[in-house]
Amino acid sequence: MNKNIMKYAKMLGSAVLVLLLASCDQEIDNWLSRNHSDMQFSDIPEYIKLDEDHPDDVALNFSWCAAHDYGNDYITVYKYQFSVDGSAAEDIVEYEDDGKFSRSYTNAEMQQMLVEHFGQMTSSPCKVIITVTASFEGPQMKVPDVSTASFTVKTYGPKQFLADQLFVDGTAVADGRAELSKSDDDMVYTGTMHLKPGKINFPVIYADEQNAVGPLNADEAITTGDMPCVITDEAKANSWVITEEDNYRVNINLRAKTVRILAAGALVEADQMFLAGSATGGEQIEVQQTLENENLYAWRGELKAGQLYIPLTFNDAQEMSIVPQEADNHAIADGTSASFALAQTTKTNQRYWTIPADGTYRIVINVAEKTIIIYSPATDLKNKTVSYNNTSIGKNSYTQEVVKLWMWGSFNSFAYDAGSAENCDDKEVNIAVGFQEAYTLKQSLANPNVFVYKGAVLPRETATIGSDNPKGAVKFCVSNHHNNVYAYGSTADAKRNDHNGFVEVTDSTPQGLVEGQGDNRYAFFLLPENCNFVVVDIEKLTVTFATK
């Protein structure tokens, strides 16, 4: 086979040289070549599920027709190519010289190629692409004849923690099987439901599989922390046991491979939240509820090396505090989400986190999920930096950290704050037109890539943008000038000096964003009615419009 590859590589090199020479003389017969495409695949299915129980059985068997015969004056070279969509591995390439225009693979051969060579996941579908190219060498160059076929192959082996849909089911589910929702993290599913004494697990639909998430052992009792889980065929899945009837909050983290099932009685009740301990210098520091999520509290500031716990004020008393899940573990799990526990505040001299060194820390607490993330200076989330041509101050390229977003568009008829030109880079009033401080988005303390507007209902006025007269159009800018600013626009088709684009928003479904300094600056969102809540995520490139 190696000799054949070298032989035909030389022939292809000659063919390329002839092609280049012929192109100069305009002697390539494109019309004739393109109208003599005879190669066609046969017997290729649309979907193949590899069978682990029969490794030596044929999984794929197909053939293709010979290319057009241009006579004895031409040598035809066939190159066969096997690739997988999205794989970084090199394609499998062969040259066919024996006239047997076919290939056959067993289940084991396909599995080995897809998993070991192309790096595909076990028990998952992937798109396979097969290409055959016939090149012709002769007195006149012919355009190569190319045939391509694609199909889906599903591998076997250990199941992946992946889901197209995820449900809750079992005798403990009072209202019967129900679908859980994805959180902001699409690998995390959550839901609140009424459960009664009985068993519970979480069925999963992934591709053509019917799986379920459950405990490693049958009939495990639930705990208040993160419980390890496995994914198996639904018919073989184990269950957790619910012993008390109550409203429960469930959280399935497919990435961490954990499940959390919390009764309402285990949920955090607090009117206020504080930081306390020697790490705060002896003073209590309040932790604020975030604008974007009522269950999320966040703080960023200076801490000293020392002990830290989080007292909760409820009904004017601080009886309970947030402390580490494990009584004898004081590590902060730097930058990683960890479950927390509630303990009597009088016991916090025994149960606390140890802040390892003086510095700036960020703390994020989710009271619904009972998780905490403590970021040290080494792991703290950073502001996003963007680079663009700032013609207002004549800098190219100009870099800027994004710490605030401005709304701009027809939504406010391009009104602007009195004296706002003084805050603009080039002191020209027209640069500030359309920007108002009241309609800026504030950076979240929990995540510097998230920006939030929560306030008065946004206007939906009409004004001309170019030749368009849209109602309630808006985009998001990193600075309060609109001449060549870096912006986050909609996914609508738009082109500078040609046409604007608009995406009409009718509900709170997250919308896609397009960032940069190109045509996206002319792509707007049309605000829904009564919108007073906007969340922009410049990392995930999404925006949500809602009424709160």
Side-chain angles (χ1 to χ4, degrees), residues 1-24 27-46 48 50 56-120 126-153 155:
M1 179 61 75
N2 290 335
K3 291 182 179 179
N4 288 332
I5 291 176
M6 293 300 297
K7 167 186 173 183
Y8 287 114
K10 292 178 180 179
M11 294 170 64
L12 284 174
S14 301
V16 170
L17 178 61
V18 175
L19 176 60
L20 292 172
L21 294 173
S23 64
C24 297
E27 294 180 358
I28 300 176
D29 195 344
N30 288 329
W31 184 90
L32 181 63
S33 298
R34 292 189 189 281
N35 286 273
H36 283 87
S37 179
D38 295 334
M39 286 199 309
Q40 299 291 332
F41 287 106
S42 63
D43 304 326
I44 294 184
E46 294 183 1
I48 298 172
L50 300 182
D56 297 327
D57 287 0
V58 173
L60 174 65
N61 184 38
F62 66 95
S63 60
W64 67 90
C65 304
H68 183 76
D69 186 0
Y70 288 106
N72 294 331
D73 292 334
Y74 287 86
I75 296 175
T76 304
V77 177
Y78 293 91
K79 183 176 76 169
Y80 169 81
Q81 208 162 350
F82 187 106
S83 62
V84 173
D85 187 32
S87 173
E90 292 185 0
D91 296 349
I92 294 174
V93 178
E94 302 170 357
Y95 288 92
E96 181 59 62
D97 62 344
D98 60 4
K100 297 178 181 178
F101 303 138
S102 64
R103 289 291 186 276
S104 181
Y105 301 96
T106 65
N107 287 297
E109 289 170 337
M110 288 285 285
Q111 176 80 4
Q112 183 180 27
M113 279 196 303
L114 295 177
V115 174
E116 297 183 15
H117 179 77
F118 288 105
Q120 299 304 290
C126 60
K127 181 181 179 182
V128 172
I129 303 169
I130 290 175
T131 305
V132 174
T133 303
S135 300
F136 310 99
E137 182 183 2
Q140 188 179 34
M141 285 302 299
K142 307 292 183 184
V143 172
D145 190 356
V146 181
S147 288
T148 300
S150 63
F151 51 97
T152 299
V153 179
T155 57

Under-4.0 Å salt bridge between Arg103 and Glu94: yes

Do [X] side-chain atoms and [Y] backbone N/O form a donor-acceptor pair below 3.5 Å?
| X | Y | value |
| --- | --- | --- |
| Gln111 | Glu109 | no |
| Ser104 | Asn61 | no |
| Asp69 | Gly71 | yes |
| Ser87 | Phe118 | yes |
| Tyr80 | Ser102 | no |
| Asn107 | Asp57 | yes |
| His117 | Glu90 | yes |

Cation over ring face, Lys127 and Phe151, 6.0 Å, 45°: no

At what distance, to the nearest 0.5 angstrom, does [atom1] of [X] lie from [atom2] of [Y]?
| X | Y | atom1 | atom2 | answer |
| --- | --- | --- | --- | --- |
| Thr76 | Asp145 | OG1 | CG | 9.5 Å |
| Lys79 | Thr131 | NZ | OG1 | 9.0 Å |
| Ile44 | Ser150 | CD1 | OG | 9.0 Å |

Side chains of [X] and [Y] in contact at under 4.5 Å (non-hydrogen atoms):
| X | Y | answer |
| --- | --- | --- |
| Leu114 | Val153 | yes |
| Phe41 | Cys65 | no |
| Gln81 | Ile130 | no |
| Ile129 | Val84 | no |

Verdict with supporting geometry, Tyr105 and Phe82, ring pair (Phe, Tyr, Trp, His ring centres under 6.0 Å): CA-CA 12 Å; Tyr105 301 96; Phe82 187 106; 5.7 Å; yes

From CA spacing to verdict: ring pair (Phe, Tyr, Trp, His ring centres under 6.0 Å), Tyr78, Phe101: CA-CA 9 Å; Tyr78 293 91; Phe101 303 138; 4.6 Å; yes

Whether Tyr70 and His68 hold their rings parallel, tilted or perpendicular, with breakpoints at 30° and 60°: perpendicular

